[in-house]
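Naming: A, B, ... by sequence-line order, numbering from 1 per chain.
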Amino acid sequence: MSTSDDLKTKKDSVEAGDGSGGFIILFFIIGLVASLISGWLLFPKLLYSEKKQPIDFNHALHMELVDEGCESCHFFREDGTYAGVPKLAQCIDCHEEVQGESPDEATFVEEYVTKGREVPWLIYSQQPDCVFFSHVAHVKGAGMDCATCHGPIGESTSLKVYEENRITGYSRDIWGKNISGIKKHTWDRMKMDDCAECHVKNGVNQSSVQTGKGACFVCHK
Amino acid sequence: MKIDRRSFLSFVIGGAAGTALTPLPWKLTDDLSIWTQMWPWTPVPQDGEVSYVNSVCTLCPAGCGISVRKVDDRAVKIEGMAGYPGSNGNACILGMAGLQLLYSPTRVKTPLKRVGNRGEGKWKAISWDDAISEVAGKLGELRKDQSSAVAGIVGSDRGTVPQLLKRLLTAYGSPNFMCSPSMDDSYALTLKLMHGVSASAGFDIENANFVLSFGSGIIEGWGSSVRMFKANSALKDKKGKMVQIEPRLSNTAAKADQWVPVRPGTETVFALGLAYVIIQESLYNKDFVENYTAEFDAFRQMLDAYSPDKVAEITGIDAEAITTLAKAFAGASNPLAVCGRGQGTTPGSLHEFMAVHALNALVGNINKKGGVWAVPAPDYIQWPDPELDDIAQKGIQTARADGAGSEKYPHTASLLNRLPEVINSAAQSPVQALLVSGANPLYALPDSKAVKKAFDKIPFIVSFSSQMDETAQYADIILPNHAYLERYQDVPTPTGLQTPLTGLSKPVLDPLFDTKHTGDAIIMIAKALEGNIAAAFPWDNYEVCLSETLGDKWDALVENGFVAQDFQEPGWEGAFTTPSGKFEFVSKACAAESDKPVFSSVTPEGDEKTYPLILIPYDSMRLSNGFIGNPPFLTKTVEDTVLKGNDIVVEINPATAKDRLFSLNDGAPAMLSTPRGEVRVRVHLSDGIMPGFMAMARGLGHTAYDDYLAGKGANFNELIGPAEDPVSGLDSAWGIRAKLTNVPI
């Protein structure tokens, strides 16, 4: 039968002794190493494009000047909705004229304040449209700190580079800087699992306040 | 070293194993799933600060209070404004779709000057200064020898903007200020002749418990549509009765307690038949008739010709049914008879209005709870008369181009329906320049072809439209108004409301384009014309004019959106200022036509042999039929028994369909022709229309506006011609003779 022929052929080739078995392992290793390198190092570089914020904002400097911490600028409106990134109107109160010597300050006043244009800030924590997230429920309701999700951004003196996912258009901060998804702090990632982890840990009501439906409907209305 | 197939496979396997050990597959899967939810064409609601701005809707004469929801600077939803008289928290389907007019691609974004042929759609954007000086230059030139050859057309004559245009024409020296006609004109004339007062008709429908409607589409947009919907529901809740006298099974007829399908055009006769029974059976209100009315005997004599048997013969309704209905109407504690066909956008026969109003008088529910009230117009516009120079003084003495106020039609203020024929029959058009604001005569006047021909003879047309509608398309200069949600505007009493009310439409957001308020444009034109004309406009701009005009009401209007006048039911004492000082059943104004019967009926145009059928129009809440065209959301709701694809559908009775030389199945295409025009239609077999008649929806067949409206269906006005009412001169046509012919499928 052909089985004995196959065995013979195999034996022959091994006996041929020109090291083709070693080559096979070598190629396996080359493939393995190449893909590991491209997967771990090259892929993240290709996946994200780097964008600079229009103005380099100094959070730490502003934190010293305000009384109510983050909420001084990132406030809640009267109806409980969250205002998010401040609008130009808020900045104008102090920045009608150029203050200090920072070139960013000059650009800000020239390009945006005098022209009445809103600054196109890039938002690190912008979630996809299918996610319903209420700041007031977390900050006012559950009494969470901003830093729990956003990290110590209030202490930063300049804005980091915004890494935009070329496929989804969202910031790298949602998946997390660590490409393997491992996190050290609560604010390292903002994926669904991270929301769920905290919700489960704290025994949050597992149904939507608005629709009364459970599971997915808590965040996906 | 030999790289063979095995080595390669080994490399691939190694690569696959390695890849599986990297985050790449998992991360890509995740990103792709997010990507699929992020198609760039998926509409995403804007995020931002939510606010509400209260205003008043000016898309139709109903003037409902609206509350517009905004996210930052974008208006995202229109709702009803709670507490506004009449509409109180609700809005109609057109009002709710209004944002599509605001953000419409057919908005006129800047002043335009025509560069191609009329209607060709070739425009040049020009600056406001150039546009105003061009218009003023043209008008200034014309003023030298023919000032009265300038005409203005508005939607309604009430409110500051139409009055500013009227003032401009007066100071300029032209009497030709014209309004788009509607049932309000016929009701105003009815009150003038029968009550002797200048007022609009208000209906205390909320307190009525028996509503007798002569073809009025109570739930099809008649009067103030939102208020009428609510009143109709309330009437049902309190077990009141609603009787619909209408040849076609409209929604109102279908929802009524009783549907009386009279032959079209015999409504007047039917009303007189009811009056006959009420008088014969002595069911009328003796107190009112004996003490407050005149000419009752003449009326009674005239009614001799309208016994139930005779009326049955003419109208096709059983004599017994007529008697029963008359008794039920007179027996109700608060009966109310109303008329004005469909949405009331056509004035109709004055005699019909008077006959129906006579029914109200017989049961004594005039100026009383649950009845018809004569409502004086709000009188806040108290501008001093403009000082006229010689040209103006001479100009305004000339006869009006449309014949209103002439010996023939002394009671009517404006007869726009007559204008096209006057122009077409003259060697040189009596109108040399036309200013159009808040109206779309090229679409909305009967016999569109004749209107277009007349417009061709007018050398200079200026449109103030914010939308590129049919008339704007045909203009020489467009001075675009702000959209209705971008401007201030006073809104006098909603049509049919029984108490005087002043509303204020407020800007919900800043103007999106380089537009100007028509009030401002008129003031600018006046100032550019200098002299006495400029002096007649002492205001810096329209907002100053409006706030000064409204005086102490202004603050309350800005705050609340409306100011309601304290107004109680007027009652009978001293309410009538006719020559006899009483309510007049038969007016001398009507008797002047010696060769015609006191109550005339209108026969449809056309020869019976050539045109064996009669075409009548109908109105629908889902079709905007005034000067505003349907926004896309509204057209989406139109059923395929009204519009199928791009074909308009006409309703015919199955018996009529069988009776033809060719047979017509439901949905079959056919050519519909009338003496005035011809269109391709599809037929819909319906038992809701009587044999021998056809019904077609109004509000379709636009040639202007966007792809969601232009070219859909046919414009009923292309098929019908005007018929002058012998007393008022207003258009009283209710239908036209027509025929259907086969078309190859």
Atom [atom1] in [X], atom [atom2] in [Y]: separation rounded to 0.5 Å?
X: B/S7; Y: A/F27; atom1: OG; atom2: CZ; answer: 5.0 Å
X: A/L46; Y: B/L24; atom1: CG; atom2: CG; answer: 9.5 Å
X: B/F11; Y: A/L32; atom1: CZ; atom2: CG; answer: 10.5 Å
X: B/D47; Y: A/T81; atom1: CG; atom2: OG1; answer: 8.5 Å

| Interface moiety of B/E49 toward chain A, non-hydrogen atoms closer than 4.5 Å |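 For B/E49, heavy atoms of backbone and side chain both lie under 4.5 Å from chain A.
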
| query | So which of B/V44, B/V50, B/D31, B/I34 has the biggest tally of heavy-atom pairs under 4.5 Å with chain A? | reply | B/D31

| message | With a 4.5 angstrom heavy-atom cut-off, is it the side chain or the backbone of A/Y82 that approaches chain B, or both, or neither? | response | neither

| Engaged part of A/I37 at the chain B interface, taking heavy atoms whose separation is under 4.5 Å | neither

For [X] versus [Y], what's the shortest heavy-atom pair and its separation?
X: B/Q37; Y: A/C130; value: OE1-SG, 2.9 Å
X: B/A17; Y: A/F28; value: CB-CZ, 4.3 Å
X: A/I25; Y: B/S10; value: N-OG, 4.4 Å

| task | Would you check, one step at a time, whether the test side-chain contact (heavy atoms from CB on, under 4.5 Å) holds for B/D30 with A/M192? | result | CA-CA 11 Å; B/D30 185 78; A/M192 192 172 93; over 6 Å; no

| query | Just wondering, do B/L28 and A/I167 contact through their side chains at under 4.5 Å, heavy atoms? | reply |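 Yes; the side chains approach each other to less than 4.5 Å.
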
| Side-chain (B/W35) to main-chain (A/R166) donor-acceptor, under 3.5 angstrom |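 No: the side chain of B/W35 does not pair with the backbone of A/R166.
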
| For the side chain of B/T19 and the backbone of A/S35, is there at least one donor-acceptor N/O pair under 3.5 Å apart? |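 Not confirmed, B/T19 side chain does not pair with A/S35 backbone.
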
| task | Report, as yes or no, whether the 6.0 Å neighbourhood of atom CG on B/D707 holds more than 12 heavy atoms from other residues, nucleotides or ligands. | result | no

